[in-house]
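Reminder, nothing fancy here: chain letters follow the sequence lines and each chain counts from 1.
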Protein chains: 2
Amino acid sequence: MNYSTSEEDYIKAIYRLQENQSTVGTNELAAELKTKPASITDMLKKLKAKKLLHYQPYRGFRLNEEGTKVALTIIRRHRLWEYFLSEKLKFGWNEVHDIAEELEHVGSHTLIERLDKYLGFPRFDPHGDPIPDPAGKLQVVDQIKLTELPLDVKAKVSGVTDQSANMLELLKHRHIAIGTSIVVKKKFDFDQSVEIKTDRNSPFTISEQAAKNIYVQYEPRS
Amino acid sequence: MNYSTSEEDYIKAIYRLQENQSTVGTNELAAELKTKPASITDMLKKLKAKKLLHYQPYRGFRLNEEGTKVALTIIRRHRLWEYFLSEKLKFGWNEVHDIAEELEHVGSHTLIERLDKYLGFPRFDPHGDPIPDPAGKLQVVDQIKLTELPLDVKAKVSGVTDQSANMLELLKHRHIAIGTSIVVKKKFDFDQSVEIKTDRNSPFTISEQAAKNIYVQYEPRS
DNA sequence: TTATATTTTTAGACAAAGCTAAAAATTAAT
DNA sequence: ATTAATTTTTAGCTTTGTCTAAAAATATAA
Ligand SMILES: [Mn+2]
Ligand SMILES: [Mn+2]
Ligand SMILES: [Mn+2]
Ligand SMILES: [Mn+2]
């Protein structure tokens with residue numbers, strides 16, 4: 001089957017939202033895609049007709065097996081292009097997303113497989129997110145939130161959940177990137193903020209809000 | 001200004017057609033784009049409203065300066081991607097066109113400039129066609145048709161006009177590619193067919209139809 | 001358990017891009 | 001100079017994907 005750019009973006013957004021919740025709502029998806037709820041209902045009918053999701057009017061929706069597979073191939077394309085842009089064209093990790101958002105819709109199967117090979121079969125994109133394999137299997141990563149890391153244990157930054165411009169700016173300012181070594185020196189119970197130490201900086205404090213969006217792994221990367 | 005995928009394909013097709021003739025017709029463009037004449041008329045009105053071409057109903061049309069500039073930036077994107085696909089991803093020169101036809105519509109300006117740099121500022125695409133520079137200037141190439149090459153003068157294949165699958169198959173079979181050294185041994189006045197000799201083959205004959213689509217240059221490449 | 005608020009769907013419109021069939025203009029042929 | 005053939009445009013319909021405003025369903029609160 002072949003899907004339109006719009007359909008692909010909807011599928012991808014539903015996948016993203018249903019990772020946390022068990023079922024996705026209309027308003028929520030409308031906000032995610034910056035469209036209006038009415039448009040969501042329309043598209044849901046089409047995607048249901050194409051048997052990509054379970055959907056009971058008023059009851060919310062969820063991708064089925066086929067829909068999930070489609071989502072993962074789009075995510076694969078997206079993340080491979082992000083890797084290309086960052087690794088080969090030297091874009092900053094905060095610049096790659098928007099361009100990949102367009103490139104991901106170029107359909108050719110061979111294109112993606114050759115790109116993958118050319119890039120050396122990378123397993124993580126520049127944001128630390130795993131790249132699904134050709135069959136749509138996702139690497140399981142043993143990463144934990146920075147807020148869950150025990151005191152004085154050295155770990156490496158492996159991913160960032162919130163990839164908004166604001167968050168990326170904060171990380172850039174603190175010289176935190178994928179691979180940065182990091183140790184939590186203190187947690188303040190008052191506001192859950194954490195004091196951390198990286199190789200390149202003297203200790204500093206970041207908010208809980210920031211910390212819970214940063215993922216780390218114990219030393220050896222899987 | 002920003003143009004839709006359709007608009008870009010129309011502009012590019014008009015550019016291609018008006019290279020030979022002074023003015024382009026509706027049926028002609030419809031054939032080129034595999035659409036119906038009525039659709040052409042509709043789109044022409046839009047492009048005229050956007051001031052990209054001269055157009056008098058029933059009288060034909062032609063890109064103006066602005067339209068030509070737009071056409072050349074699309075062609076630039078197309079040919080840079082073709083070069084990438086062929087050079088980096090090892091696609092055959094007969095496979096790159098269709099994929100580039102999609103990639104060319106990804107708009108980011110920086111993307112194209114960085115891609116250009118990454119590729120080492122190539123000046124010709126895999127079919128031997130010149131890549132417009134960032135300002136939209138086209139290399140002038142001193143190439144002539146194989147039919148115009150004098151007898152026994154060594155030249156190099158520099159381009160192919162007809163890039164249909166059939167033509168490319170013929171060239172592949174004869175081991176003719178961009179850069180191949182070639183000498184015309186004889187021209188048959190009866191049907192204008194030419195006998196040629198390449199490095200890798202004993203002499204053989206090709207039709208006028210094929211020969212006039214092959215362009216060659218005298219030894220030093222500009 | 002009614003009343004109120006929120007969420008979701010429906011109804012009706014619109015712009016982009018395409019098509020078919022019919023009308024109009026232009027060109028070519030008697 | 002008519003008539004015939006060809007080219008081009010117009011009129012009217014269709015499909016996607018979007019929107020606003022109103023109606024319906026569900027959830028929350030008094
Ligand atoms: Mn996208
Ligand atoms: Mn990413
Ligand atoms: Mn195209
Ligand atoms: Mn080409």
Side-chain angles (χ1 to χ4, degrees), chain A residues 1-14 17-18 20-63 67 70-71 74 101-102 104-107, chain B residues 1-14 17-18 20-63 67 70-71 74 101-102 104-107:
Chain A
M1 228 16 72
N2 226 33
Y3 304 100
S4 74
T5 296
S6 258
E7 287 171 330
E8 290 190 345
D9 283 339
Y10 273 79
I11 293 166
K12 203 157 51 97
I14 296 169
L17 291 173
Q18 75 180 20
N20 314 313
Q21 308 122 228
S22 67
T23 183
V24 184
T26 304
N27 276 342
E28 208 181 343
L29 183 54
E32 178 82 8
L33 288 168
K34 296 180 206 322
T35 58
K36 295 294 142 75
S39 311
I40 301 295
T41 304
D42 285 348
M43 182 61 93
L44 279 180
K45 288 183 199 156
K46 288 179 216 163
L47 296 179
K48 178 171 195 186
K50 295 189 178 184
K51 300 201 198 305
L52 294 173
L53 40 75
H54 306 293
Y55 166 50
Q56 308 276 93
Y58 292 101
R59 280 280 122 86
F61 41 91
R62 217 186 144 66
L63 294 177
V70 173
I74 305 164
E101 199 58 51
E102 293 193 53
E104 70 188 354
H105 304 293
V106 175
Chain B
M1 226 21 66
N2 226 32
Y3 304 100
S4 73
T5 296
S6 260
E7 288 172 328
E8 291 190 345
D9 283 339
Y10 274 78
I11 293 166
K12 203 156 50 94
I14 296 170
L17 290 174
Q18 75 179 21
N20 315 314
Q21 307 123 229
S22 67
T23 182
V24 184
T26 304
N27 277 341
E28 207 182 345
L29 183 54
E32 177 82 8
L33 288 169
K34 296 179 206 320
T35 59
K36 295 292 142 76
S39 310
I40 301 293
T41 304
D42 285 349
M43 181 61 93
L44 278 181
K45 288 183 199 158
K46 287 180 218 164
L47 296 180
K48 177 170 196 190
K50 295 189 179 185
K51 301 200 199 304
L52 294 173
L53 40 75
H54 306 293
Y55 165 50
Q56 307 277 93
Y58 293 100
R59 280 278 122 87
F61 42 91
R62 216 185 145 66
L63 295 177
V70 174
I74 305 164
E101 199 59 48
E102 291 192 54
E104 70 188 355
H105 303 293
V106 175

### Query
Could you give the CD1-to-P distance, from B:I40 to D:dT6, as a whole number of Å?
20 Å

### Candidate pair A:E101 and A:K12, rule salt bridge (charged side-chain N to carboxylate O under 4.0 Å, His left out), full reasoning
CA-CA 11 Å; A:E101 199 58 51; A:K12 203 157 51 97; 2.8 Å; yes

#### Entry: B:R59 side chain, from C-beta outward: closest of D:dG17, C:dT26, C:dG18
C:dT26

### Task
Counting heavy atoms from C-beta on, name the nucleotide in D:dT18, C:dA16, D:dT20 closest to the side chain of A:A38.
D:dT20

### Message
Using OP1 and OP2 only, check whether a side-chain N or O of B:S39 sits under 4.0 Å from C:dC19.
### Response
yes

### Query
Side chains of A:T23 and A:F61: closer than 4.5 Å at any heavy-atom pair?
no

### Query
Hey, is the main chain of A:V24 close enough, under 3.5 Å, to the side chain of A:R62 for a donor-acceptor pair?
no

### Message
Classify A:F61 by what it touches in the nucleic acid, base, sugar-phosphate, or nothing, heavy-atom distance under 4.0 Å.
### Response
nothing

### Query
To the nearest angstrom, how far is B:L33 atom CG from C:dA17 atom C1'?
13 Å

### Summary
A:Y58 OH to D:dA23 P, in whole Å, measures 13 Å

### Query
Within this structure, what is the CD-to-C1' distance between B:E7 and C:dA17, rounded to whole angstrom?
10 Å

### Query
When all nucleic acid strands are considered with a 4.0 Å heavy-atom cut-off, which category describes B:P37: base, sugar-phosphate, or nothing?
base

### Summary
When rounded to whole Å, the CG to P distance for the pair B:L44 and D:dT8 reads 10 Å

### Query
Using a cut-off of less than 4.0 Å, is there contact between a side-chain N or O of B:T35 and OP1 or OP2 of C:dA17?
no

### Task
Taking B:Q18 for its side chain and B:L63 for its backbone only, find out whether a donor-acceptor pair lies under 3.5 Å.
yes

### Query
Phosphate oxygens OP1/OP2 of D:dT9: is one of them under 4.0 Å from a side-chain N or O of B:Y55?
yes

### Query
How about A:Y55 and A:L47: do any of their side-chain heavy atoms sit closer than 4.5 Å?
no

### Task
Take atom CG of B:D42 and atom P of D:dT14, then tell me their distance rounded to the nearest Å.
16 Å

### Task
Report the distance from atom CG of A:N27 to atom P of C:dT9, rounded to the nearest whole Å.
10 Å

### Task
Mind calculating the distance between NZ (A:K45) and P (D:dT15) to the nearest angstrom?
15 Å

### Message
So, OP1 or OP2 of C:dT9: does either fall under 4.0 Å of a side-chain N or O from A:T26?
### Response
yes

### Query
Counting only side-chain N and O atoms of B:K36, is one of them less than 4.0 Å from OP1 or OP2 of C:dG18?
no

### Message
Measuring from the side chain of A:Y10 (C-beta onward, heavy atoms only), which nucleotide among D:dT18, C:dT20, D:dT8 has the closest atom?
### Response
D:dT18

### Query
Can you find a side chain N or O atom of B:K46 that sits less than 4.0 Å from OP1 or OP2 on C:dA16?
no

#### Entry: Shortest side-chain distance from A:M43, nucleotide among C:dA17, D:dG17, C:dT8
D:dG17

### Query
Which is true for B:S6 with a 4.0 Å heavy-atom rule: it touches a base, it touches only sugar-phosphate, or it touches nothing?
sugar-phosphate

### Query
Can any side-chain N or O of A:E28 pair as donor or acceptor with the backbone N or O of A:G25 at less than 3.5 Å?
yes

